Trainee: 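If you scroll down you'll find the structure; I have some questions about it.
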Amino acid sequence: MIDPRILRDEPDRVRAAQAKRGLSVEVVDRALAADTARRTAIATFEAKRAEQKALGAKIPRAAPEEKQQLLAQTKTLAAEVKDAEAARVAAEEEWSEILKTIPNLAADEAPAGGEDDYTVIEHIGTPRDFAAEGFEPRDHVEIGQLLGAIDIERGAKVSGSRFYFLTGVGAQLEFALVNLALDQARAAGFTQVIAPALVRPRAMEGTGFLGQAADDVYRIEGEDLYLVGTSEVAMAAYHSDEILDAATLPRRYAAFSPCFRKEAGSHGKDTRGIIRVHWFDKVEMFVYTTIEESYAEHQRLLAWEKEFLDKLELAYRVIDTAAGDLGLSAIRKFDCEAWIPTQGRYRELTSTSNCTDFQARRLDIRVREEGQTKAIATLNGTLTAIPRAIVAILETHQQADGSVRVPEALRPYLGGLEELKPV
RNA sequence: GGAGGCGUCGCCUAGUCCGGUCUAUGGCGCCCGCCUGCUAAGCGGGUUUGGGGCUACAACCCCAUCGAGGGUUCAAAUCCCUCCGCCUCCGCCA
């Protein structure tokens with residue numbers, strides 16, 4: 001939720017952000033009207049309530065004959081208080097409903113527009129020229145089969161489309177990637193976390209995934225639980241209802257968890273392979289820091305993502321996501337997209353968002369600094385999402401005979417293995 | 001899954017049976033001041049969070065807040081109901 005004070009004092013900033021995201025500007029006026037109505041309702045209720053309290057305090061001390069009169073008086077007042085309270089609650093609910101539909105502001109630096117309006121910040125590495133090397137690259141499905149690493153057919157048999165088994169070196173590769181990621185994170189001062197993949201509605205709602213993204217979320221039938229689409233959800237809710245001491249910031253967590261996504265509305269997209277799946281494992285960086293520090297921290301998260309991709313020796317580019325593609329919570333988002341040889345294009349491997357105080361407000365997380373409590377910022381960034389990392393590695397480092405060269409940094413995590421060979 | 005116990009403003013704690021004097025007790029910690037070669041001790045004061053009013057986003061005033069939400073009542077930390085969490089025991093189980 002955005003800062004109500006910004007809405008009240010600088011509505012034009014909110015209007016500008018809405019426009020930049022390609023969303024309704026009119027909602028700002030509705031929110032402002034609801035805010036006024038809410039404050040009026042609060043003032044009315046509080047005045048009545050104060051009156052009731054003052055009268056009520058006299059009753060125990062009143063003389064018997066006076067008491068009867070007071071009781072009668074306060075009884076009608078009680079009814080008025082009840083009505084005023086109902087009106088207050090209704091006004092507050094309406095205000096909060098409208099406010100919740102307003103996404104976070106968009107950073108000035110974020111490009112305006114939709115999905116295709118991103119700007120490319122930089123290219124790192126050069127895509128391999130397979131034509132020059134004289135062979136046609138195989139896609140990850142084919143290599144995965146040759147190596148006995150990915151079993152998509154049986155994934156579909158057992159669980160349906162967009163499911164897979166990682167087997168043999170595929171399974172080893174997952175643990176190697178996870179450990180490489182966790183080691184890097186620990187070296188950078190992150191606390192390693194294994195996070196629950198099932199969360200209560202509060203956590204889902206608080207991170208902004210029950211809004212327009214709700215279609216993509218699995219709910220457990222008969223239980224008030226959701227399967228997370230990212231451990232960001234659990235890690236944001238981790239400190240909900242807490243006030244963190246400023247001296248303990250930044251708090252950096254690297255969380256491993258499975259992730260589940262319905263992929264509703266992506267029928268026909270990426271139907272082959274494991275680029276887009278209903279379940280995958282991921283190591284996610286999650287940071288709590290001050291709003292002022294959040295911008296620099298965002299850059300650091302991006303740097304850690306790049307460091308990891310560099311270790312995998314991939315060619316990739318970094319894009320600055322357009323405002324319309326930021327999602328509900330972020331004010332700015334960088335995606336790292338790796339070159340996928342058989343697709344001839346860059347595909348998102350990791351992504352980092354600065355959510356400033358948007359999620360923290362919904363989850364009641366604050367910071368105490370010099371006796372003051374203030375809003376805190378949350379940020380997240382992928383260190384590694386397993387299937388896409390595997391896709392990029394297999395396709396990028398494949399050799400003519402179907403084997404795959406293991407990037408140097410990954411070798412220690414695979415028992416020194418330098419090459420994955422067809423089985 | 002079954003039975004029982006518990007949840008108070010950072011931590012501990014009084015209060016809940018018998019509703020109003022609870023503007024929630026006391027201790028610890030912390031902050032400010034006094035005292036003081038320094039430190040400690042001592043003494044005095046302060047110390048939940050959110051919101052509204054008024055404003056300099058100060059001070060001040062007000063409302064809510066005793067796990068959460070409902071209810072009873074003129075009045076709820078206190079009585080009733082539902083939910084959540086923690087603990088103990090039993091059963092089952094990786």
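Below, chain A is the first sequence line, B the second, and so on; all start at residue 1. Note that the coordinates shown come from a computational prediction; the quantities given were computed from them, not determined experimentally.
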Trainee: Just name whichever nucleotide pairs with B:C74, Watson-Crick or G-U, keeping both distances under 3.5 Å, else none.
Mentor: B:G20
Trainee: Salt bridge or not between A:D325 and A:K333? Use side-chain N to carboxylate O under 4.0 Å.
Mentor: no
Trainee: Quickly work out the A:D3 CG to B:C57 P distance and round it to whole Å.
Mentor: 15 Å
Trainee: Nearest to the side chain of A:R200, which nucleotide is it out of B:A75, B:C84, B:G52?
Mentor: B:C84
Trainee: With a non-hydrogen cut-off below 4.0 angstrom, is A:R88 in contact with a base, only sugar-phosphate, or nothing?
Mentor: nothing
Trainee: So, do A:T289 and A:I376 sit near enough that their side-chain heavy atoms are less than 4.5 Å apart?
Mentor: no
Trainee: Expressed as a whole number of Å, how far does the C1' atom of B:G29 sit from that of B:G71?
Mentor: 39 Å
Trainee: Classify the nucleic acid contact of A:R5 as base, sugar-phosphate or nothing, counting any heavy atom under 4.0 Å across all strands shown.
Mentor: base
Trainee: Using a strict 4.0 Å threshold on nitrogen-to-oxygen distance, state whether A:R8 and A:D35 make a salt bridge.
Mentor: yes
Trainee: Using whole Å, report how far CZ of A:R361 lies from P of B:G51.
Mentor: 8 Å
Trainee: Would you be so kind as to tabulate the donor-acceptor pairs closer than 3.5 Å made by side chains of residues 77-88 of chain A, with sequence neighbours excluded?
Mentor:
| unit_1 | atom_1 | unit_2 | atom_2 | d |
| --- | --- | --- | --- | --- |
| A:E80 | OE1 | A:K48 | NZ | 2.8 |

Trainee: Between B:G7 and B:A14, how far is it from one P atom to the other, in whole Å?
Mentor: 9 Å
Trainee: Between B:U23 and B:C81, how far is it from one P atom to the other, in whole Å?
Mentor: 26 Å
Trainee: Does a donor on one side chain sit under 3.5 Å from an acceptor on the other, for A:N104 and A:T356?
Mentor: yes
Trainee: Round to a whole Å and report the spacing from CZ of A:R39 to C1' of B:G53.
Mentor: 10 Å
Trainee: Side-chain N or O of A:T373 versus OP1/OP2 of B:G50: is the shortest distance under 4.0 Å?
Mentor: yes
Trainee: Would one find a side-chain N or O of A:R366 under 4.0 angstrom from OP1 or OP2 of B:U49?
Mentor: no
Trainee: Considering Watson-Crick and G-U wobble pairs with both distances under 3.5 Å, what does B:C60 pair with?
Mentor: B:G53
Trainee: Scan A:R8 against the nucleic acid and name what it touches under 4.0 Å (heavy atoms): base, sugar-phosphate only, or nothing.
Mentor: sugar-phosphate
Trainee: Using atom P in both nucleotides, what's the gap between B:G10 and B:G2 to the nearest angstrom?
Mentor: 34 Å
Trainee: Which nucleotide, in any strand shown, forms a Watson-Crick or G-U wobble pair with B:G4, with both distances under 3.5 Å?
Mentor: B:C87
Trainee: Could you pick out which residue, A:V89 or A:D35, lies toward the 5' side of RNA chain B when each is mapped onto its nearest nucleotide?
Mentor: A:D35
Trainee: Pairing check on B:A40: which nucleotide meets the Watson-Crick or G-U wobble criteria with it, both distances under 3.5 Å?
Mentor: none
Trainee: Atom CG of A:D241 to atom C1' of B:G50: distance rounded to whole Å?
Mentor: 12 Å
Trainee: Mind checking the C1' distance from B:A75 to B:G1? Whole angstroms is fine.
Mentor: 42 Å
Trainee: Could you state the atom-to-atom distance from CG of A:L7 to P of B:G51 in whole Å?
Mentor: 14 Å
Trainee: Give me the one residue out of A:T384, A:L177, A:I143 that meets side chain to side chain contact (heavy atoms under 4.5 Å, CB included) with A:I390.
Mentor: A:L177
Trainee: To the nearest Å, how far apart are A:R38 CZ and B:G51 C1'?
Mentor: 7 Å
Trainee: Counting Watson-Crick and G-U wobble pairs only, both distances under 3.5 Å, name the nucleotide matched with B:G29, or none.
Mentor: B:U47
Trainee: Going by side chain to side chain contact (heavy atoms under 4.5 Å, CB included), A:V404 matches just one of A:V169, A:L420, A:L146, A:T396. Which one?
Mentor: A:L420
Trainee: Answer yes or no: does a side-chain N or O of A:K82 lie under 4.0 Å from OP1 or OP2 of B:G70?
Mentor: no
Trainee: Identify, residue by residue, the members of residues 41-56 of chain A with a heavy atom below 4.0 Å from RNA chain B, and return them in order of residue number, or none.
Mentor: A:I42, A:F45, A:E46, A:R49, A:A50, A:Q52, A:K53, A:G56
Trainee: Is a salt bridge present between A:E337 and A:R347, judged by a nitrogen-to-oxygen distance below 4.0 Å?
Mentor: no
Trainee: Determine the Euclidean distance between corresponding P atoms of B:C84 and B:G69; express it in Å to zero decimal places.
Mentor: 15 Å
Trainee: Considering only atom C1', compute the distance from B:G15 to B:C93 and round it to an integer number of Å.
Mentor: 43 Å
Trainee: Please give, in whole Å, the distance from B:G10 P to A:L244 CG?
Mentor: 15 Å
Trainee: When the P atoms of B:G53 and B:G44 are compared, how many Å lie between them, rounded to an integer?
Mentor: 40 Å
Trainee: What is the distance from CD of A:E80 to C1' of B:A75, rounded to the nearest Å?
Mentor: 16 Å
Trainee: Below 6.0 angstrom between ring centroids: does that apply to A:F175 and A:Y413?
Mentor: no
Trainee: Counting only side-chain nitrogens and oxygens, does A:R368 get under 4.0 Å of the OP1 or OP2 atom of B:G10?
Mentor: no
